[in-house]
Amino acid sequence: KRDDKEQPAPELDEATRAAVAEAVGLGGIKYADLHHNRESDYVFSWSKMLAKTGDTATYMQYAYARTRGILRRAEGAGMAAGDAPVMLSLPAERQLGLHIARFPEAITAMVNDYRPNLLTSYLFELANSFSSFYDACPVMKEPDAVLRASRLKLVDLTGRVIRKGLELLGITACERM
């Protein structure tokens, strides 16, 4: 049902590519360390740390960059969420909205149990929920302006939560990848 496919990003300049590479590399190492329960065995693996899919920093960084890309395209097309109310009428919208609302709970659990892996799990689930939402709910091609603004708000909120979560883990979120 996804009808607003992402356009290929323009080539990043050398300085931006270097900054993204550093953020991805350092983020991958940090996330891999924080992702595991401190009471479980740990296996060091470059391939797992830098994988583009799965429960990795790269996947989270890409999800964040994707939200920013959608918002840039919307702004370029004269569309914005503004002060639009968030409407959660479809199951994918509701799932994403509820997951965003659980962010404070994830932070509290992480702090109370001294377990950053609880936050990494939350972020991974959020990124997956966002992907499901984006596949099921047209954003840019939604003909109803109020519903489109609501969905843009969900995209923005998702990006903000991912960015803050990564920031709390000491990981840089990239605007473009």
Side-chain angles (χ1 to χ4, degrees), residues 2 6 9 12 16-72 81 86 88 90-137 139 151-177:
R2 188 165 153 187
E6 293 181 54
L12 301 175
T16 304
R17 269 198 311 249
V20 168
E22 182 174 340
V24 168
L26 292 174
I29 294 167
K30 290 176 184 180
Y31 191 91
D33 281 345
L34 299 172
H35 166 265
H36 293 285
N37 183 335
R38 67 179 183 271
E39 297 170 355
S40 64
D41 289 338
Y42 181 85
V43 177
F44 185 90
S45 168
W46 280 118
S47 60
K48 282 186 180 182
M49 287 179 179
L50 301 175
K52 294 177 184 173
T53 59
D55 197 354
T56 65
T58 307
Y59 182 67
M60 300 311 132
Q61 290 165 316
Y62 175 73
Y64 173 74
R66 191 174 179 198
T67 66
R68 299 302 101 180
I70 294 165
L71 295 173
R72 278 191 303 277
V86 174
L88 306 173
L90 295 178
E93 291 169 316
R94 182 170 168 73
Q95 179 185 7
L96 180 59
L98 291 173
H99 202 87
I100 291 168
R102 290 192 3 243
F103 184 53
E105 293 172 25
I107 300 299
T108 300
M110 174 188 74
V111 170
N112 287 344
D113 293 342
Y114 304 105
R115 292 180 51 195
N117 65 298
L118 297 176
L119 180 56
T120 63
S121 293
Y122 169 84
L123 291 173
F124 180 62
E125 291 166 9
L126 177 61
N128 284 335
S129 183
F130 174 69
S131 184
S132 296
F133 157 79
Y134 192 67
D135 286 341
C137 304
V139 178
R151 289 178 180 167
L152 285 169
K153 180 75 84 171
L154 280 172
V155 170
D156 183 42
L157 291 170
T158 300
R160 289 172 188 250
V161 170
I162 291 171
R163 181 183 183 103
K164 180 52 77 177
L166 289 174
E167 182 180 287
L168 290 170
L169 296 170
I171 298 170
T172 301
C174 304
E175 295 292 315
R176 297 175 190 263
M177 286 181 77

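Counting only heavy atoms from C-beta outward, the side chains of Y122 and M110 never approach each other to under 4.5 Å. Contact annotation: the side chain of L166 never approaches that of T172 to less than 4.5 Å [non-hydrogen atoms, C-beta and beyond]. A heavy-atom distance below 4.5 Å is not found between the side chains of T58 and Y31. The closest side-chain heavy-atom distance from I171 to M60 is not below 4.5 Å. Using a 4.5 Å cut-off on side-chain heavy atoms (C-beta onward), T158 and V155 make no contact.
Qualifying side chain to side chain contact (heavy atoms under 4.5 Å, CB included) partners for L98, counting only residues two or more places apart in sequence or in other chains: R94. Judged as a side chain to side chain donor-acceptor pair (under 3.5 Å), and not counting sequence neighbours, the contacts of E93 are S89, R151. Looking at residues two or more places apart in sequence or on another chain, you find a salt bridge (Lys or Arg N to Asp or Glu O under 4.0 Å) between D156 and R68, R160. Residues meeting the side chain to side chain donor-acceptor pair (under 3.5 Å) test with R163, sequence neighbours left out: Y64, E175. In this structure, the side chain to side chain donor-acceptor pair (under 3.5 Å) partners of R102, at least two apart in sequence or on a different chain, are H99. Checked against side chain to side chain donor-acceptor pair (under 3.5 Å), T16 has the following partners two or more places apart in sequence or in another chain: D13. A search for side chain to side chain contact (heavy atoms under 4.5 Å, CB included) contacts involving A65 returns M177, not counting sequence neighbours. V86 meets the side chain to side chain contact (heavy atoms under 4.5 Å, CB included) test with L88, S150, K153, L154, L157; sequence neighbours excluded. Taking F124 as the reference, Y59 meet the ring-ring contact (aromatic ring centres under 6.0 Å, His included) condition, with sequence neighbours excluded.
Atom-to-atom distance recorded for C174:SG and E22:CD is 10.0 Å, nearest 0.5 angstrom. Within the model, atoms OH of Y134 and OG1 of T67 stand 11.0 Å from one another, a figure rounded to the nearest 0.5 Å. Put simply, CG on L119 and NE2 on H35 are 11.5 Å apart, with the number rounded to the nearest 0.5 Å. To the nearest 0.5 Å, atoms CD1 (I100) and CD1 (I162) are separated by 8.5 Å. One distance of note links CG of L118 with CD of E105; it measures 12.0 Å at 0.5 Å rounding.
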TODO: Take F133 and V139 through the side chain to side chain contact (heavy atoms under 4.5 Å, CB included) test and state the conclusion after the steps.
DONE: CA-CA 10 Å; F133 157 79; V139 178; 4.2 Å; yes

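No donor-acceptor pair closer than 3.5 Å links the side chain of S131 to the backbone N or O of N128. Side-chain N or O atoms of S121 include one that pairs as donor or acceptor with a backbone N or O of N117 at under 3.5 Å.
In terms of heavy-atom proximity, A92 sits nearest to A136 at CB-CB, 3.9 Å. Counting all heavy atoms, side chain and backbone alike, G165 lies closest to F103 at N-CZ, 4.0 Å. Listed here is the closest heavy atom pair of P116 and L169: CB-CD2, 4.1 Å.
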